[in-house]
Amino acid sequence: MKRTLITSALPYANGYLHLGHISGAYLPADMYARFLRISGENVLYVCGSDEHGVAINISAEKEKVSPQTIIDKYHNANKEAFEKFGMSFNIYSRTSLPEHHETAREFFGDALKNGYLIEKEEEQFYDTQANMFLPDRYVEGICPNCGSDKARGDQCDSCGAYYNQTELKNPISIISGKTPVVRKTTHWYYRFDKFQQFLEDYISSNESSWKDNVIQQTRSWLKAGMAERAITRDLSWGVSIDSIDGIDKEKAKGKVIYVWFDAVLGYITATKIWSKANNQNWELWWRDSETDYVAFIGKDNIVFHTIIFPAILKGAGNYILPKNVPANEFLNLEGQKFSKSRNWSIDLKDYFEDFKDGQFVDILRYTLAMNFPETKDSDFTWKDFQARANNELAAIYGNFVNRTLQFLHKSFEGKVPELSDRYKNLFVDWKNLIDNYSSEEVKSKFSEIYGENLLNLILSLHKGIEATSADYRKFKLRDALLDTMNIARASNKYFNDEEPWKSFKSDKDKAALTLNVCCQIVRSLSLLFAPILPFTSEKINDILGYKQTTGFPSDSSDVNYWAEASYPKLPENHFIKQPQILFNRIEDELIQNQISKLGDKTQQEPTPVEESNLISIEDFQKISLKTAKVISAEKMPKSKKLLKLQIQIGNETRQILAGVAEYYQPEYLIGKIIVVVANLKPAKLMGEESNGMMLAASIDGKLCFVSPEKDDIQDNAIVK
RNA sequence: GGCGAGGUAGCUCAGGUGGUUAGAGCGUCGGAUUCAUAACCCGAAGGUCAGGGGUUCAAUUCCCCUCCUCGCUACCA
């Protein structure tokens with residue numbers, strides 16, 4: 001039997017999930033998983049928290065707690081948010097579990113055995129205060145190539161040069177602010193270069209079914225050529241490689257597996273844990289050719305799932321590879337990127353706090369899905385959220401359900417109307433019509449009895465279902481939703497065209513038919529909307545008194561209920577409860593509140609500044625400001641204003657001229673920490689060279705130099 | 001800097017191996033209706049498909065350049 005394994009990128013347990021994450025890798029996967037389950041397929045949907053990596057160390061240090069505290073906090077918060085959001089994971093696991101450490105170590109050991117790991121000794125910066133080796137991102141210094149002082153460990157942002165970390169001049173640990181020392185360390189490199197041909201073949205074989213952006217991005221990497229990459233780090237937090245067979249004990253000390261090797265394996269661990277709990281063999285999901293593996297991710301994660309992970313799996317041997325990697329692009333918020341630091345974000349947990357009523361979960365799911373960044377970055381706006389909720393969910397779907405059930409209770413005592421003799425064969429004729437809808441004869445015969453309106457409705461329903469099914473399988477989830485909503489539109493049209501409020505007086509049998517049909521359609525819509533509106537579907541099913549799946553793992557089966565949505569199911573005289581409003585209209589005020597929360601202070605109207613006076617951050621970064629210690633100071637001969645200063649920046653001494661003689665005695669300045677523009681073009685003033693500029697604040701004839709507020713900061717600190 | 005993606009109606013987005021009238025939803029305007037959450041249904045208006053150049057009988061679609069946005073490169077979907 002065919003199985004589908006579905007994964008969503010493991011969220012990093014160092015922050016809260018926001019709407020961007022949800023729209024990228026989680027909601028699409030959930031819709032897909034629910035759709036397949038409703039269609040009677042065997043689905044395993046796994047996810048979990050990614051809980052290793054240096055960023056978690058750093059957060060822990062910053063908050064002065066253990067890494068475990070950090071990951072517990074975010075793992076629990078994100079897990080809870082997912083639950084409230086209706087994610088239908090079979091399991092939501094985490095990579096800090098012992099089972100995962102085992103899995104990761106096993107992969108590491110196998111890679112070693114299979115000759116895909118290579119040991120290399122190298123020199124790396126070590127922060128003696130923080131007691132740790134410094135990954136590239138955590139060292140800054142002066143670029144050996146262009147002299148920019150914003151260069152990172154292994155690459156310079158301003159000139160783009162690559163170099164060895166140890167070539168960096170004046171390196172500073174961004175953790176402690178101290179100068180790191182160089183120490184020798186051993187790391188293990190994965191031989192990705194051995195998989196070049198294999199990966200090229202793999203990508204080519206999927207060319208036709210994968211999204212274009214995924215293929216292109218992957219190709220671009222392959223074109224550059226695969227290289228060995230280190231898969232270990234010197235860190236205290238992560239999966240230790242201690243006492244793995246074939247590894248020197250001493251060398252393995254303090255080494256952990258690099259997160260991007262470890263994180264993707266979390267999918268496998270989660271599967272193992274789930275399988276154990278459910279008495280299944282996990283290998284069915286990862287080693288059986290009857291299993292299709294689909295990995296949902298955001299665009300930043302593409303190569304990890306199209307190159308790195310496949311290479312790891314191949315290196316371990318006997319694993320299936322992703323059959324598809326339907327990566328989404330990114331979601332923007334009101335025209336700008338999500339940014340936690342600028343408070344330009346909507347965290348899932350905050351949304352739940354502000355929108356407590358259950359219907360808002362589905363409203364969010366719907367509005368996000370209608371605007372998935374499937375082919376390019378898309379934009380979430382609160383106005384759009386309101387418009388879709390009011391004009392589509394409430395006005396079309398909600399209204400159809402409501403008008404049907406209201407009418408049913410007003411005119412038919414809340415029971416699915418009995419069909420008169422003329423319409424007695426409805427269920428049989430309905431099915432016959434679907435089975436033979438290309439036959440003009442069948443159609444005209446059906447139309448003769450039941451009317452053209454019903455003919456059109458059933459065809460819209462059936463063709464709509466086929467369209468949605470195809471959409472889901474092609475990962476065109478926005479289209480799937482649109483096609484679903486179009487069925488609701490057709491339903492409203494049917495109700496309108498039939499005018500049961502009139503026929504109830506003139507032709508009661510016809511009105512009974514119309515309402516009977518509308519009840520059937522409500523039941524179908526409840527099923528078809530379940531992947532995106534699971535809570536609403538549950539509510540409707542309850543009102544209908546008709547139990548049916550919403551694609552949650554617990555009500556999986558091998559029946560293709562999706563296809564069965566084409567047919568009527570509710571028997572005559574079946575009692576239906578009083579309707580309730582499914583989606584309340586969202587008022588402007590609610591939306592305004594949300595908009596004004598964005599960006600906090602920056603929300604205030606920015607003071608208009610002449611645009612030509614504004615500089616970009618890049619402009620500012622061109623200026624290198626540093627603290628310096630004044631070693632000596634003397635008056636410039638024949639000058640009223642200038643002092644000649646010798647200053648020290650780190651181990652460098654240089655001379656600068658400062659126009660502060662009218663305000664400071666030279667002796668006073670000696671030993672003081674000042675701020676200088678370190679990369680000012682040297683200039684000659686009165687025959688003396690000045691290599692920089694001392695910063696001073698002045699107003700109304702007063703002047704004083706700028707200095708760090710505490711003596712903690714001595715010379716050679718970056719000012720920004 | 002290098003590589004990749006994108007710039008299409010007022011808004012959010014589809015589409016396009018070059019060929020008569022470029023699509024959807026929403027918004028706007030008009031009509032019809034009252035069972036229903038001032039909802040539904042019908043109809044209309046709206047686009048030199050970022051800008052410039054080139055190839056061609058023909059370009060929004062192919063090529064080049066420019067501008068803008070984004071991702072990767074560098075473990076945040």
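Numbers restart at 1 for each chain; the letters A, B, ... are given by sequence-line order, proteins then strands.
- Across rC35(B), rA74(B), rC26(B), the shortest atom-to-atom separation from the side chain of Phe495(A) is found for rC35(B).
- Between Asn390(A) atom CG and rA38(B) atom P the separation is 11 Å, expressed in whole Å.
- The side chain of Lys223(A) has rG4(B) as its nearest neighbour among rG4(B), rC13(B), rC41(B).
- Pair assignment for rG27(B): none, as no Watson-Crick or G-U wobble contacts are both less than 3.5 Å.
- At a cut-off of 3.5 Å, with distance as the only test, no side-chain donor of His18(A) or Asp347(A) sits close to an acceptor on the other residue.
- For Ser220(A), whose side chain is taken as the heavy atoms from C-beta onward, the closest listed nucleotide among rG4(B), rA39(B), rC41(B) is rG4(B).
- Heavy atoms of Glu392(A) sit under 4.0 angstrom from primed sugar atoms or phosphate atoms, though from no base atom.
- Taking every side-chain heavy atom of Trp221(A) into account, rU73(B) is the closest of rU73(B), rC76(B), rC41(B).
- Dashed line: the shortest gap from a side-chain N or O of Asn14(A) to OP1 or OP2 of rC76(B) is not under 4.0 Å.
- Within the 4.0 angstrom heavy-atom criterion, only backbone atoms of the sugar-phosphate kind lie near Asn371(A); the bases stay farther away.
- Across every strand in view, rG71(B) sits in a pair with rC3(B) that passes the Watson-Crick or G-U test at under 3.5 angstrom.
- Rounded to an integer number of Å, the gap from CD of Gln386(A) to C1' of rU12(B) is 15 Å.
- Residue Gly15(A) is classed as having no contact, given no heavy-atom separation below 4.0 Å to the nucleic acid.
- Between the side chains of Glu374(A) and Asn328(A), no donor-acceptor pair is found at a separation under 3.5 Å.
- rC42(B) sits 16 Å from rA32(B) when the P atoms are compared, rounded to a whole Å.
- rA58(B) and rG19(B) have their P atoms separated by 14 Å, with the value rounded to a whole Å.
- Against the 90° criterion about 0, the sugar-base torsion of rG15(B) places it in the anti range.
- Annotation: Lys349(A), atom NZ; neighbour count of heavy atoms from other residues, nucleotides and ligands within 6.0 Å is above 12.
- When the side-chain nitrogen and oxygen atoms of Arg585(A) are compared with OP1 and OP2 of rA39(B), one or more of them lie within a distance under 4.0 Å.
- For rA36(B), one of the phosphate oxygens OP1 or OP2 lies less than 4.0 angstrom from a side-chain nitrogen or oxygen of Lys410(A).
- Under a 4.0 Å N-O distance rule, the pair Asp507(A)/Lys502(A) does not qualify as a salt bridge.
- Rounded to a whole angstrom, the distance from the C1' atom of rC3(B) to that of rC11(B) is 33 Å.
- Nucleotide rA50(B) forms a Watson-Crick or G-U wobble pair with rU66(B), both donor-acceptor distances falling under 3.5 Å.
- Among the heavy atoms of the strands, none lies under 4.0 Å from Phe380(A).
- Residues Asp497(A) and Leu10(A) each lie close to RNA chain B; by heavy-atom proximity, the contact nearer the 5' end of the strand is made by Asp497(A).
- rU56(B) is unpaired under the Watson-Crick or G-U wobble criterion, no partner having all donor-acceptor distances under 3.5 Å.
- Distance check on atom P: rA50(B) versus rU60(B) gives 9 Å, rounded to whole Å.
- In this structure, Trp501(A) packs face-to-face on the six-membered ring of rC35(B), meeting both the 5.5 Å centre cutoff and the 30° plane limit.
- Of the C1' atoms belonging to rC57(B) and rG1(B), the separation is 43 Å, rounded to the nearest Å.
- No N or O donor and acceptor, one from the side chain of Asp384(A) and one from the base of rC11(B), sit under 3.5 Å apart.
- Residue contacts shown for Leu482(A) are limited to sugar-phosphate atoms, with no base heavy atom under 4.0 Å away.
- A salt bridge does not link Lys337(A) with Asp377(A): every distance from a Lys NZ or Arg NE/NH1/NH2 to an Asp or Glu carboxylate oxygen is 4.0 Å or more.
- At the heavy-atom level, Leu582(A) lies under 4.0 Å from base atoms of the strands shown.
- For Asn399(A) and rC35(B), the CG to P distance is 13 Å, given to the nearest whole Å.
- At least one side-chain nitrogen or oxygen of Arg489(A) sits closer than 4.0 Å to the OP1 or OP2 atom of rC26(B).
- The separation of rU8(B) from rU12(B), taken at their P atoms, amounts to 9 Å, rounded to a whole angstrom.
- Between rC41(B), rC26(B), rU73(B), one nucleotide has an atom nearer to the side chain of Phe304(A) than all others, and that is rU73(B).
- A salt bridge does not link Glu499(A) to Lys510(A): none of the charged nitrogens lies less than 4.0 Å from a carboxylate oxygen.
- The nearest whole Å value for the distance from the NZ atom in Lys383(A) to the C1' atom in rG27(B) is 8 Å.
- Screening Phe583(A), Tyr397(A), Tyr366(A) for a side-chain contact (heavy atoms from CB on, under 4.5 Å) with Glu392(A), the sole residue that qualifies is Tyr366(A).
- Mapping Phe296(A) and Lys502(A) onto RNA chain B by nearest heavy atom places Lys502(A) at the nucleotide closer to the 5' end.
- When the side-chain nitrogen and oxygen atoms of Lys299(A) are compared with OP1 and OP2 of rA5(B), none of them lie within a distance under 4.0 Å.
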Give the intermediate values and the outcome of salt bridge (Lys or Arg N to Asp or Glu O under 4.0 Å) for residues Arg94(A) and Glu51(A). CA-CA 7 Å; Arg94(A) 54 195 305 190; Glu51(A) 303 181 296; 2.8 Å; yes
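- When each of Tyr472(A), Phe296(A), Phe372(A) is checked for a ring-ring contact (aromatic ring centres under 6.0 Å, His included) with Tyr32(A), only Phe296(A) meets the rule.
- Remark: C1' of rU37(B) and OH of Tyr397(A) are 15 Å apart, rounded to the nearest angstrom.
- When the nucleotides rC40(B), rG27(B), rA5(B) are ranked by their closest atom to the side chain of Glu329(A), rA5(B) comes out on top.
- Rounded to whole Å, the distance from CD1 on Ile396(A) to P on rC35(B) is 21 Å.
- The distance between atom NZ of Lys376(A) and atom P of rC49(B), rounded to the nearest whole Å, is 15 Å.
- Note on Asn301(A): only backbone sugar-phosphate atoms sit closer than 4.0 angstrom, heavy atoms only; bases stay farther off.
- The listed nucleotides are rC26(B), rC70(B), rA36(B); the one nearest the side chain of Gln406(A) is rA36(B).
- Of the candidates rA36(B), rC26(B), rC40(B), the closest approach to any side-chain atom of Asn402(A) belongs to rA36(B).
- The separation between Lys493(A) atom NZ and rC40(B) atom P is 14 Å, rounded to whole Å.
- rA36(B) is unpaired under the Watson-Crick or G-U wobble criterion, no partner having all donor-acceptor distances under 3.5 Å.
- At a threshold of 4.0 angstrom between heavy atoms, the contacts of Phe330(A) include nucleobase atoms, whether or not backbone atoms are also involved.
- Aromatic pair Trp237(A)/Tyr258(A): centroids not less than 6.0 angstrom apart.
- At a threshold of 4.0 angstrom between heavy atoms, the contacts of Tyr258(A) include nucleobase atoms, whether or not backbone atoms are also involved.
- Relative to the side chain of Arg403(A), the nucleotides rC35(B), rC72(B), rC41(B) differ in distance, and rC35(B) lies closest.
- When heavy atoms are screened at a 4.0 angstrom cut-off, Leu331(A) is found touching base atoms of the nucleic acid.
- rC29(B) and rA45(B) have their C1' atoms separated by 7 Å, with the value rounded to a whole Å.
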